[in-house]
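Everything on this sheet refers to the single structure shown next.
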Amino acid sequence: MAIIPYKKSTTLCSFLFLFSFGLCLVTTFAGLRRFEHPTKEDGSMSFLVLGDWGRRGAFNQSQVAFQMGKVGEKLDIDFVVSTGDNFYDNGLSSEHDAAFEESFTKIYTQNSLQKQWYSILGNHDYRGDAEAQLSPLLRKIDNRWLCLRSFVVNAELAEIFFVDTTPFVNMYFTNTKDHTYDWRGVPSRKAYIQTLLKDVELALEKSSAKWKIVVGHHAIRSIGHHGDTQELIKHLLPILQANDVDFYMNGHDHCLEHISDNKSGLQFLTSGAGSKAWRGDMKNGEGLNKEGQVNFFYDGQGFMSVQLNPTQAEIEFYDVFGNVLHSWTASKQLLLLHPSI
Ligand SMILES: *[C@@H]1O[C@H](CO)[C@@H](O)[C@H](O)[C@H]1NC(C)=O
Ligand SMILES: *[C@@H]1O[C@H](CO)[C@@H](O)[C@H](O)[C@H]1NC(C)=O
């Protein structure tokens, strides 16, 4: 069993003042940067998950933000996860792009949302200056912001593995007449994907967290507009199934949905409804009958909350009015050290 030196670097971290909110860069393990995020004192944690949002408040983005603030307060959230497509239509043009403040800082204004945000890049973010969103300069403008390509957040109770899924998708490399992508950070696609898969697999194998969560921009399974992502079904899904991952959370399809994997305990959770939605082209779920069970699908705007403790996970989806549309609970056995006779 690998021993990851959290404690050692925590001391170092307090001197570095890298980030606020008690977050700090811990170490690099299996090629992935790891951050430590403490759980609440009672051993529980909660967070919101939002995707596909930055449109300067338009398409109900502001309404979703308002309800996130209310739910965030009620659940006393620890942080927010963004599943990517942070800025439309073409990411940020540079670190100085006003869209950063107009679509993020000035939209998610409520007290409960003044927490750490953990973000990844979506395909639209790759259409602009992808490196700009990763820049430490943005954290100076708004210290909630942390966006990296792939990384791990260790929140003791749960470990969250953020995976950069855009480079997996063939279409972005073959169809280059409609859009251009900023591949500066992906000099060799094949090597990038192979290394990333190996890093994620190793990190998952070594994880002893009670809850294992993987976050990517693209859906593995979806009945929304884009549907399943075949490249992820082929390359990423087997790793998640083999390592008892509890949840795969994504955006990309502008909807909310919950699909259960038939082959493992994995739950596919789409939260990609941060602004423009209502595509009205739900697929009929073909191909899902043997592979998964669709528990919930909503075509409109909204977001998701996650509440975790050592024995229970509760997932809820909300619309623009703050109504709970779908709620789902999973339980885990506590390890009994002194079984009663
Ligand atoms: C905003 O949300 C309401 C309620 O779901 C919906 O009727 C309306 O179409 C949405 N507006 C846009 C622009 O999507
Ligand atoms: C898979 O899910 C479908 C529902 O979509 C269900 O009818 C079927 O029995 C499941 N198959 C297995 C092998 O669990």
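The first residue in the sequence is number 1, and the count goes up from there.
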Please tell me whether Ser82 and Trp53 have a donor and an acceptor in their side chains that are separated by less than 3.5 angstrom. yes
Just so I know, are the side chains of Leu325 and Leu256 near enough to count as touching, which here means a heavy-atom distance under 4.5 Å? yes
Can a donor-acceptor pair be found between the side chains of Ser260 and Asn295 at a distance below 3.5 Å? yes
Return the set of residues passing side-chain hydrogen bond (donor to acceptor under 3.5 Å, both in side chains) with His326 (not counting sequence neighbours), or none when no residue passes. His258
Verify the cluster assignment for Tyr88 and Val320: are they in a single hydrophobic cluster under the rule of side-chain heavy atoms below 4.5 Å apart? no
For Asp178, which residues count as a side-chain contact (heavy atoms from CB on, under 4.5 Å) partner, sequence neighbours excluded? Asn175
Measure the shortest side-chain to side-chain distance between Arg184 and Asp129 over non-hydrogen atoms and say whether it is less than 4.5 angstrom. yes
For Ser93, give me all partners under side-chain contact (heavy atoms from CB on, under 4.5 Å), at least two apart in sequence or on another chain. Asp97
Looking at residues at least two apart in the chain, or sitting in another chain, which of them share a salt bridge (charged side-chain N to carboxylate O under 4.0 Å, His left out) with Glu73? none
State plainly whether the residues Arg144 and Asp142 are in salt-bridge range, i.e. N to O under 4.0 Å. yes
Do His179 and Tyr172 have side-chain heavy atoms sitting under 4.5 Å apart? no
Could you state whether Leu137 and Leu146 fall into the same hydrophobic cluster, counting links through intermediate Ile, Leu, Val, Met, Phe, Trp or Tyr residues with side-chain heavy atoms under 4.5 angstrom apart? no
With Phe168 via ring-ring contact (aromatic ring centres under 6.0 Å, His included) - residues at least two apart: none
Cationic tip of Arg149 above Phe162 ring, under 6.0 Å, 45° of axis: no
Sequence neighbours left out, what passes side-chain contact (heavy atoms from CB on, under 4.5 Å) with Gln194? Give chain and number order. Lys190
List for me each residue that meets side-chain hydrogen bond (donor to acceptor under 3.5 Å, both in side chains) alongside Ser207, sequence neighbours excluded, and say none if there are none. Glu159
With heavy-atom distances below 4.5 Å as the criterion, would you say the side chains of Leu204 and Val245 are in contact? yes
Anything under 30° is parallel, anything over 60° is perpendicular, the rest tilted; go ahead and classify His252 against His217. perpendicular
side-chain hydrogen bond (donor to acceptor under 3.5 Å, both in side chains) involving Tyr181 - partner list, sequence neighbours excluded: none
Test item: side-chain donor near acceptor, Glu257 and Thr270, under 3.5 Å: yes
Contacts of Phe47 that satisfy ring-ring contact (aromatic ring centres under 6.0 Å, His included) - sequence neighbours left out: Phe79
By side-chain hydrogen bond (donor to acceptor under 3.5 Å, both in side chains), Lys70 pairs with (sequence neighbours left out) none
Please tabulate, for side-chain N and O atoms in residues 296-310, each donor-acceptor pair with protein atoms closer than 3.5 Å (sequence neighbours left out).
residue : atom : partner : partner atom : Å
Asp299  : OD2  : Arg279  : N            : 3.3
Asp299  : OD2  : Gly280  : N            : 2.6
Gln301  : OE1  : Asn60   : ND2          : 3.0
Gln301  : OE1  : Trp278  : NE1          : 3.2
Gln301  : NE2  : Phe59   : O            : 3.1
Gln301  : NE2  : Ser275  : O            : 2.8
Ser305  : OG   : Tyr318  : OH           : 2.8
Asn309  : OD1  : Thr311  : N            : 2.8
Asn309  : OD1  : Thr311  : OG1          : 3.1
Asn309  : OD1  : Gln312  : N            : 2.8

Mind listing the closest non-hydrogen atom pair of Asn243 and Glu205 along with its distance? OD1-CG, 3.3 Å
Pair Trp183 + Phe173: ring centers closer than 6.0 Å: yes
Contacts of Asp125 meeting side-chain contact (heavy atoms from CB on, under 4.5 Å) (sequence neighbours excluded), chain-then-number -> Asp85, Asn86, Phe87, Leu121, Gln133
